[in-house]
Amino acid sequence: MKQIVIISGKGGTGKTSLTASFAWLAGKNTVVADCDVDAADMHLVTAPETLEKRDFFSGYEAVINPETCVGCGDCVEVCHFDAIEPEGEVYKVLPVECEGCGYCARICPVEAIEMKLLKAGDIFVARTRMDNLLVHARLGIGSDMSGKLVAEVRKEARQQAEKTDVEYILIDGSPGIGCPVTASVTGTDYVVLVTEPTLSGMHDLERVLKVVQNFGIPAGCVINKADIHTEMAGRLKAFLKEQSIELLAEIPYSSVFSKAINAGKSVVEMEDPGVVGRIKKAWEIIIQRNVEPEK
Amino acid sequence: MKIAIASGKGGTGKTTLSVNLTAWIREIADRPVMLVDLDVEEPNTGMFLEGTVIERSVRYRKIPRWKQETCILSGECAGVCMYNAIAFLGNSVMVFPELCHGCYACSDLCPSHSLPMVDDRIGEVTLYQASLPGSRKVFPWIEGRLDIGREMATPMIARTIRYAEDHGERSQIILFDAPPGTSCPMMEAAKRSDYLLLVAEPTRFGLHDLGLAVKTLKELGKPFAVVVNKDDPAITLIDDFCATEEIRIVARIPHLREAAGIYAGGGLLYGKIPEVRREMEKVYRHILEISEETKTG
């Protein structure tokens, strides 16, 4: 089983649209893991029917019992997150600020503070209309557990893939270069970078590529909106060559991307041979680079 | 007044709005304004602006460092850490900086004071004087940049905001180019703002992620309005949602391929595209309105 992650650094380059297209092309041979947990949109074009749903718990929040609190203020002194405020004679915790470190609970002289386990989000296993399984998650409002949730989604996807003996896990990765993207990339077999020939696209690609190179995973690149700026596209291709990254496709600027999203479809199901042909070609190359060794 | 420009989905035009609005306010409205790039993982305002560096400084956070000489191997530290950032291995202690939240519990509660808190570099803040092409007008511009390989964006954002607060003036309009999404980094920027502008694009992805951002801001109790980017008059997804939720749409930047080309090369749009100039004015008028309301209210 091969794990292929699709990442972009910059948002809005077409990462999720491409992942959905690959998922359609791979059909029942794949489990899809939506690890863009902050903006998980894959379900909008794959029409999943939920098979399993479970809570994901992670992290804690301090809760002060006003009945027991004697108002000594020791908790305020030790809190480095300014998460505790006076309320009348006693104190209360501001949930948005609390990092769940438990320092206050540990030093409270009257044991008035309880550390409550927090629900960080929901994890879903679903069957899509593309005849594959989708593992996706919904993060609770303002939860800071996105890195852990990514790891959890991937674990579930791996278990599902092993159970059903499929060839690929397709991971729709997280944006940026921080904790969630590291969690999306680690332990994968191949990275598909999606970018566009803009200064921002180029800059973000360089930064996210450094994260990828830290892991030493082979990578290929899809340039979307390839014809919006000829000079930038040239620079981008020169950069890929210099970094020994295979160019998988140059997709022309097309409104088919937003039309597909609004029709609830993947791009390869639409009528636009120029775009569809190039995405299919890219997927063929990815498959060739991810052949299982003979047993 | 601190105004964050945010969006649930990436690539909807946060940075485009941030730089164009800042430049428009400085050049056309001739008002003092400051721009702060809080997208510390992928700071991109620099693609569209020219500036001279006024000051560059390294930002740190505090993490514990094990002092072997004094440690009595009590194992207390590993027991108090809720983040598994400390491993007690029987005859030594290991600290994992990427897991540490900097709560000080291990350091303060160590019986032999063997885990002093020390500086840990996370990134750089740069203050520029930004200039506008063909104009003598300048404005302060701050960029926070997380070191590659560091996973802790949120403390870097907090430090960049603090730096901006120290360098901005009270009367000034301070615009934050916020990180995308709805988790910790975006929350950090939102918490420290007086008002937010959510940029949304009229696709089902855009609508879904706008919905998440709206929920987050309602939870935080922050006032906000919406700017539609890549607007298509034929698609009313965002309009319908905003009507139901009673959210004001203050401007609509049309979907123009010409804009994509100018953006690609790092150009500002309002000088070349009259529709963008008109919409920047609308956003600015809205900012004036809400800052009046804040003063009188």
Side-chain angles (χ1 to χ4, degrees), chain A residues 8-13 16 37-39 41 44-45 59-60 78-81 96-97 99-103 106-107 115 139 141-147 175-182 196-201 203-204 207-208 210-211 214 225 228-229 231-232 253 255 257-258 261-262 264, chain B residues 7-13 15 39 41-44 46-48 80-83 98 101-105 108-109 146 148-154 179-187 191 201-206 208-209 212 215-216 219-220 230 232 235 237 257 260-261 263-266:
Chain A
S8 66
K10 184 180 180 314
T13 54
T16 302
V37 291
D38 219 12
D41 291 340
L44 297 172
V45 287
Y60 293 85
V78 302
C79 180
H80 277 265
F81 308 106
V96 173
E97 307 290 342
E99 293 263 330
C101 73
Y103 195 172
R106 205 166 281 278
I107 57 98
M115 296 307 292
L139 199 60
I141 295 292
S143 177
D144 67 339
M145 292 302 158
S146 47
I177 59 162
C179 176
V181 72
T182 311
E196 59 183 34
T198 66
L199 277 170
S200 322
H203 173 251
D204 293 355
R207 280 171 73 81
V208 79
K210 286 193 183 143
V211 175
N214 280 343
K225 310 176 198 174
I228 56 169
H229 202 285
E231 187 215 323
M232 281 304 308
Y253 183 87
S255 59
F257 279 79
S258 55
I261 295 170
N262 288 346
Chain B
S7 76
K9 183 179 177 305
T12 53
T15 304
D39 193 358
E41 290 184 52
E42 304 281 20
N44 278 343
M47 305 289 121
F48 305 91
V80 301
C81 182
M82 296 285 259
Y83 311 111
E98 288 310 326
H101 287 227
C103 75
Y104 284 68
D108 292 356
L109 299 175
L146 184 71
I148 290 174
R150 301 317 303 265
E151 300 182 352
M152 292 271 176
T154 310
T182 48
S183 62
C184 246
M186 181 269 197
M187 294 266 290
K191 279 193 290 196
E201 60 177 41
T203 65
R204 289 174 68 214
F205 287 180
H208 178 257
D209 300 347
L212 296 175
K215 254 195 205 164
T216 306
E219 184 97 350
L220 282 177
K230 305 180 198 171
D232 179 343
I235 302 168
L237 283 172
R257 200 195 143 131
Y263 167 88

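The structure presented is a predicted model; accordingly, all values stated were derived computationally and were not measured. Chain identifiers are assigned alphabetically (A, B, ...) following the order of the sequence lines, protein sequences preceding nucleic acid strands; residue numbering begins at 1 within each chain.
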Interatomic distance, [X] atom [atom1] to [Y] atom [atom2] [nearest 0.5 angstrom]:
{"X": "E201(B)", "Y": "I261(A)", "atom1": "CD", "atom2": "CD1", "answer": "6.5 Å"}
{"X": "L139(A)", "Y": "T182(B)", "atom1": "CG", "atom2": "OG1", "answer": "6.5 Å"}
{"X": "M82(B)", "Y": "Y103(A)", "atom1": "CE", "atom2": "OH", "answer": "14.0 Å"}
{"X": "L146(B)", "Y": "I177(A)", "atom1": "CG", "atom2": "CD1", "answer": "5.0 Å"}
{"X": "S255(A)", "Y": "K230(B)", "atom1": "OG", "atom2": "NZ", "answer": "13.0 Å"}
{"X": "Y263(B)", "Y": "I228(A)", "atom1": "OH", "atom2": "CD1", "answer": "8.5 Å"}

For I148(B), is there any backbone N or O sitting under 3.5 Å from a side-chain donor or acceptor partner on R207(A)? no
For E196(A), which atoms come within 4.5 Å of any heavy atom of chain B: side chain, backbone, both, or neither? side chain
Might you point out which heavy atoms bring [X] and [Y] nearest each other, and give the distance in Å?
{"X": "R257(B)", "Y": "Y253(A)", "answer": "CG-CE2, 3.6 Å"}
{"X": "N262(A)", "Y": "R204(B)", "answer": "OD1-N, 2.8 Å"}
{"X": "G265(B)", "Y": "L199(A)", "answer": "O-CD1, 3.5 Å"}
{"X": "G181(B)", "Y": "D38(A)", "answer": "CA-OD2, 3.1 Å"}

Is K191(B) atom NZ crowded by more than 12 heavy atoms from other residues, nucleotides or ligands, each under 6.0 Å away? yes
Name the member of D232(B), L212(B), L109(B) that forms the most heavy-atom pairs with chain A at distances under 4.5 Å. L109(B)
With heavy-atom distances below 4.5 Å as the criterion, would you say the side chains of C103(B) and H80(A) are in contact? no
Within a strict 4.5 Å, meaning less than it, do heavy atoms of the H203(A) and P43(B) side chains meet? yes
Quick one: do K10(A) and E42(B) make a salt bridge, cutoff under 4.0 Å? no
Candidate pair F205(B) and S258(A), rule side chain to side chain contact (heavy atoms under 4.5 Å, CB included), full reasoning: CA-CA 9 Å; F205(B) 287 180; S258(A) 55; over 6 Å; no
Test side chain to side chain contact (heavy atoms under 4.5 Å, CB included) on C101(A) and Y104(B); report intermediate values, then the result. CA-CA 9 Å; C101(A) 73; Y104(B) 284 68; over 6 Å; no
